Every structure is written in structure tokens, then in C-alpha cells.
A.B. asks: 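Mind having a look at this structure? Questions to follow.
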Amino acid sequence: MGIQKSKIDLCPVSLPLGKSHSVDTSQRHHESDSKKPEISLHDAAECSSTTVMPTGEREAAEGVEELPEEDAEEEVFLKFVILHAESDTREALRVQDLLQNDFGIRPGIIFAEMPCGRQHLQNLDDAVNGSAWTILLLTENFLQDTWCKFQFYSSLMNSVNRQHKYNSVIPMRPLNNPLPRERTPFALRTINALEEESRGFPTQVERIFQESVYQTQQTIWKETRNTVQRQLIA
């Protein structure tokens, strides 16, 4: 559920030299050198890569190669994720840079940076539950995208159903192409939105993104993740 920070490249699994059918050290110990030709490390490596592995070893190798990404990567609990329309990716990146570099609220991510090749619902769940705050980038494009509507309804329901996620959904009207208040869905109008053009914007940011809130959510996130991992092992 966290966002993966670093990835460990797994090397292809091959048979150890001592277990290769072409290089049997126990047989070579009892037979004379004249009966067996010398085998170089290069030849042994080639033989081991083409030799059929025993069933037990093959299953073990497959188990290593098919490690889930969660076990091979370090997960990080984010400060925020920005949900945005596909056409607002550049604006979302600008807001991300603003929060991280000008206000020191890091790490954060925009939805377009979530891993490719996975279902959108899985990415949405990881983004919302793997970060302390969910920022909805309210632009003219936001309500034209059906997926964005689903995102903000799902985020609001998640904040209602999970006590520690209460007040974690933050609507934000950016400087560029903001969605007018009168066209904002009623469910979002009930929440105080971040107004980038407002003179009180820095104060709003400081009041919302409190480190104590982040630490509390991070602790709950770690406990939940550890519980799930123990259940999988059991």
C-alpha cells in the first residue's frame, strides 16, 4: 500500500557449480584426470544454464524469481498525493513542486506518476491509503473527466469510513484554470478548499499539513501493513 521507493534487481538463478550434472566434484575426486577432460568456468556456466534443473531446485528458483514487488522494494508513506485530470498533469507537477520545494512538504506524488501496468483502482487505493493527504486538483478539466469524479467520491467515502483519514481530503483550486466555486460539486463545497490565489494560502498550507497528523497516519499505516504481512505468512 505504500509507494515503492527502490527496486532490487534479482539476478537470474543458475545451478551452483557443485550441483551441475556436467561438473560432479564427488565423481571427479574418484576418477583420474585422464578419464575426464578439463572444464573451464566458462564452459561450466554454459552447461549449467542449459542443464535441466531438478524439480525441487526449479521450484525454488521460480519462487525467487517471482517475488512480489512489495518484497523486493521499499515502501514509503507519502505526505500527499494529487488526484488530477489527465490533461492537468503539468499543473499537478507544478503544484507538487510548490508544496515540496517552497513549503517543505515531502515526499509527495501526482497520480500520473503511479506505476504503469496496474489497474487504476489498485493505484487509487495505494495512492489514497499510502499517503496522509489526498489533494483534489479542482480545474475546469476535473469535472469533465468521469474518472476524476469517481476519484473524489471514493476519496471522500474513504475519509468517512476510516477514522484516521478524517479531514484528509483537500480540494485545491490552483492558479491556472481553477474550477469556479459555483460549479464545484456540493460534496466538495462543504470542505474548505486550498485557494492558491488567496493571500492566506501559506497559512492554510501550514494549518493543514501538520507533521503530527502525518506521524499518526504513518504509524497506523505501518501497523496495518505488518498485520497483513503476518496474515499472509500464516
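Counting begins at 1 with the first residue of the sequence. Note: hydrogens, waters and symmetry copies are ignored here, and every other heavy atom, side chains too, is used. Note that the structure is a prediction, hence the values are computed from the model and not measured.
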A.B. asks: Looking at every heavy atom in both R94 and L175, which two are closest together, and how far apart are they?
C.D. replies: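 For R94 versus L175, the nearest heavy atoms are NH2-N, 3.8 Å.
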A.B. asks: Does any part of the side chain of N176, heavy atoms only, come nearer than 4.5 Å to the side chain of T139, both counted from C-beta?
C.D. replies: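 No, too far: nothing below the 4.5 Å cut-off.
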A.B. asks: If Ile, Leu, Val, Met, Phe, Trp and Tyr residues are connected whenever their side-chain heavy atoms lie under 4.5 Å apart, and connections chain through other members, are I191 and Y153 in the same group?
C.D. replies: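 Same cluster: I191 reaches Y153 through Ile, Leu, Val, Met, Phe, Trp or Tyr contacts under 4.5 Å.
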A.B. asks: Only distances under 3.5 Å count here; give the side-chain donor-acceptor pairs of residues 209-217 to other protein atoms, sequence neighbours excluded, each with its distance to 0.1 Å.
C.D. replies:
unit_1: Q210; atom_1: NE2; unit_2: R207; atom_2: O; d: 2.8
unit_1: E211; atom_1: OE1; unit_2: K79; atom_2: NZ; d: 3.2
unit_1: E211; atom_1: OE2; unit_2: Q215; atom_2: NE2; d: 2.7
unit_1: Y214; atom_1: OH; unit_2: F77; atom_2: O; d: 2.7
unit_1: Y214; atom_1: OH; unit_2: Q218; atom_2: NE2; d: 3.4
unit_1: T216; atom_1: OG1; unit_2: S212; atom_2: O; d: 3.0
unit_1: Q217; atom_1: OE1; unit_2: K165; atom_2: NZ; d: 3.1
unit_1: Q217; atom_1: NE2; unit_2: A132; atom_2: O; d: 3.0

A.B. asks: Considering non-hydrogen atoms only, spot the tightest contact between F142 and L83 and give its length.
C.D. replies: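 Nearest heavy atoms, F142 then L83: CE1-O, 4.0 Å.
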A.B. asks: Do other residues, nucleotides or ligands put more than 12 heavy atoms under 6.0 Å from H164 NE2?
C.D. replies: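 Yes, enclosed.
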A.B. asks: Could you check whether any side-chain heavy atom of S159 comes within less than 4.5 Å of a side-chain heavy atom of N167, counting everything from C-beta outward?
C.D. replies: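 No, too far: nothing below the 4.5 Å cut-off.
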A.B. asks: Do F201 and E206 have side-chain heavy atoms sitting under 4.5 Å apart?
C.D. replies: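 A side-chain contact under 4.5 Å is absent here.
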A.B. asks: With rounding to the nearest 0.5 angstrom, report the CG to CZ distance, L143 to R183.
C.D. replies: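 One finds 6.5 Å between CG of L143 and CZ of R183.
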A.B. asks: Indicate, with yes or no, if W147 and M157 share a hydrophobic cluster defined by side-chain heavy-atom contacts under 4.5 Å among Ile, Leu, Val, Met, Phe, Trp and Tyr.
C.D. replies: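 In one cluster: no.
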A.B. asks: At what distance, to the nearest 0.5 angstrom, does CZ of R189 lie from CD of E182?
C.D. replies: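 It is 9.0 Å, given to the nearest 0.5 Å.
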A.B. asks: Within the distance-only criterion (no hydrogens, no angle test), does the side chain of H84 pair as donor or acceptor with the backbone N or O of A112 below 3.5 angstrom?
C.D. replies: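 Yes, the answer is positive, given that a donor and an acceptor are paired below the 3.5 Å cut-off.
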A.B. asks: Could you go through the side chain to side chain donor-acceptor pair (under 3.5 Å) check for Q119 and N123 one step at a time?
C.D. replies: CA-CA 6 Å; Q119 292 184 356; N123 274 340; over 6 Å; no
A.B. asks: Count I, L, V, M, F, W, Y as connected when their side-chain heavy atoms are under 4.5 Å apart, and connections chain through other members. Are L188 and F150 then in the same cluster?
C.D. replies: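 Per the 4.5 Å side-chain linkage, L188 and F150 are co-clustered.
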A.B. asks: Going by heavy atoms in the side chains, are D125 and L121 under 4.5 Å from each other?
C.D. replies: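 With C-beta onward as the side chain, the pair stays apart.
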A.B. asks: Grab the two heavy atoms, one from A85 and one from D145, that are nearest each other, plus how far apart they are.
C.D. replies: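 Minimum heavy-atom contact is CA-OD2, 4.2 Å.
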A.B. asks: Please check if I220 and V76 belong to a single hydrophobic cluster, counting links between Ile, Leu, Val, Met, Phe, Trp and Tyr side chain heavy atoms closer than 4.5 Å.
C.D. replies: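 No, I220 does not connect to V76 through the hydrophobic network.
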A.B. asks: Let me confirm one number: the OG1-CZ distance from T227 to R230, rounded to the nearest 0.5 Å.
C.D. replies: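 With rounding to 0.5 Å, OG1 (T227) is 4.5 Å from CZ (R230).
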A.B. asks: Mind listing the side-chain donor-acceptor pairs of residues 97-111 below 3.5 Å, one per line with the distance, residues two or more places apart or on another chain?
C.D. replies:
unit_1: D97; atom_1: OD1; unit_2: N101; atom_2: ND2; d: 2.3
unit_1: Q100; atom_1: OE1; unit_2: G108; atom_2: N; d: 2.8
unit_1: N101; atom_1: OD1; unit_2: R106; atom_2: NH2; d: 2.6
unit_1: R106; atom_1: NH2; unit_2: Q100; atom_2: O; d: 3.1

A.B. asks: Evaluate L136 against M172 for side chain to side chain contact (heavy atoms under 4.5 Å, CB included), listing each step before the verdict.
C.D. replies: CA-CA 6 Å; L136 306 177; M172 177 177 175; over 6 Å; no
A.B. asks: Quick one: are N226 and E223 in side-chain contact, heavy atoms under 4.5 Å?
C.D. replies: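 No - every pair of side-chain heavy atoms lies 4.5 Å or more apart.
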A.B. asks: With the side chain counted from C-beta on, respond yes when T184 and L138 share a heavy-atom pair under 4.5 Å apart, and no when they do not.
C.D. replies: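 Answer yes - side chains close enough.
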A.B. asks: Closest heavy-atom contact between A127 and V81?
C.D. replies: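 Smallest heavy-atom distance, with atoms named: O-CG1, 3.5 Å.
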A.B. asks: Can a salt bridge be assigned to the pair R173 and E196 using a cut-off of 4.0 Å between side-chain N and carboxylate O?
C.D. replies: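 Judged by the 4.0 Å cut-off on N to carboxylate O distance, R173 and E196 do not form a salt bridge.
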A.B. asks: Are the side chains of I208 and F80 in contact, using a 4.5 Å heavy-atom criterion?
C.D. replies: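 With C-beta onward as the side chain, the pair stays apart.
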A.B. asks: Quick one: are Y166 and V160 in side-chain contact, heavy atoms under 4.5 Å?
C.D. replies: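 With C-beta onward as the side chain, the pair stays apart.
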A.B. asks: If you measure from NZ on K149 to CD on Q144, what distance do you get to the nearest 0.5 Å?
C.D. replies: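 One gets 9.0 Å once the value is rounded to the nearest 0.5 Å.
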A.B. asks: When rounded to the nearest 0.5 angstrom, what is the spacing between CG in L78 and CG in N129?
C.D. replies: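 Reported value, rounded in 0.5 Å steps: 12.0 Å.
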A.B. asks: Working to the nearest 0.5 Å, report the span between CG of D88 and CD1 of I82.
C.D. replies: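 With rounding to 0.5 Å, CG (D88) is 11.0 Å from CD1 (I82).
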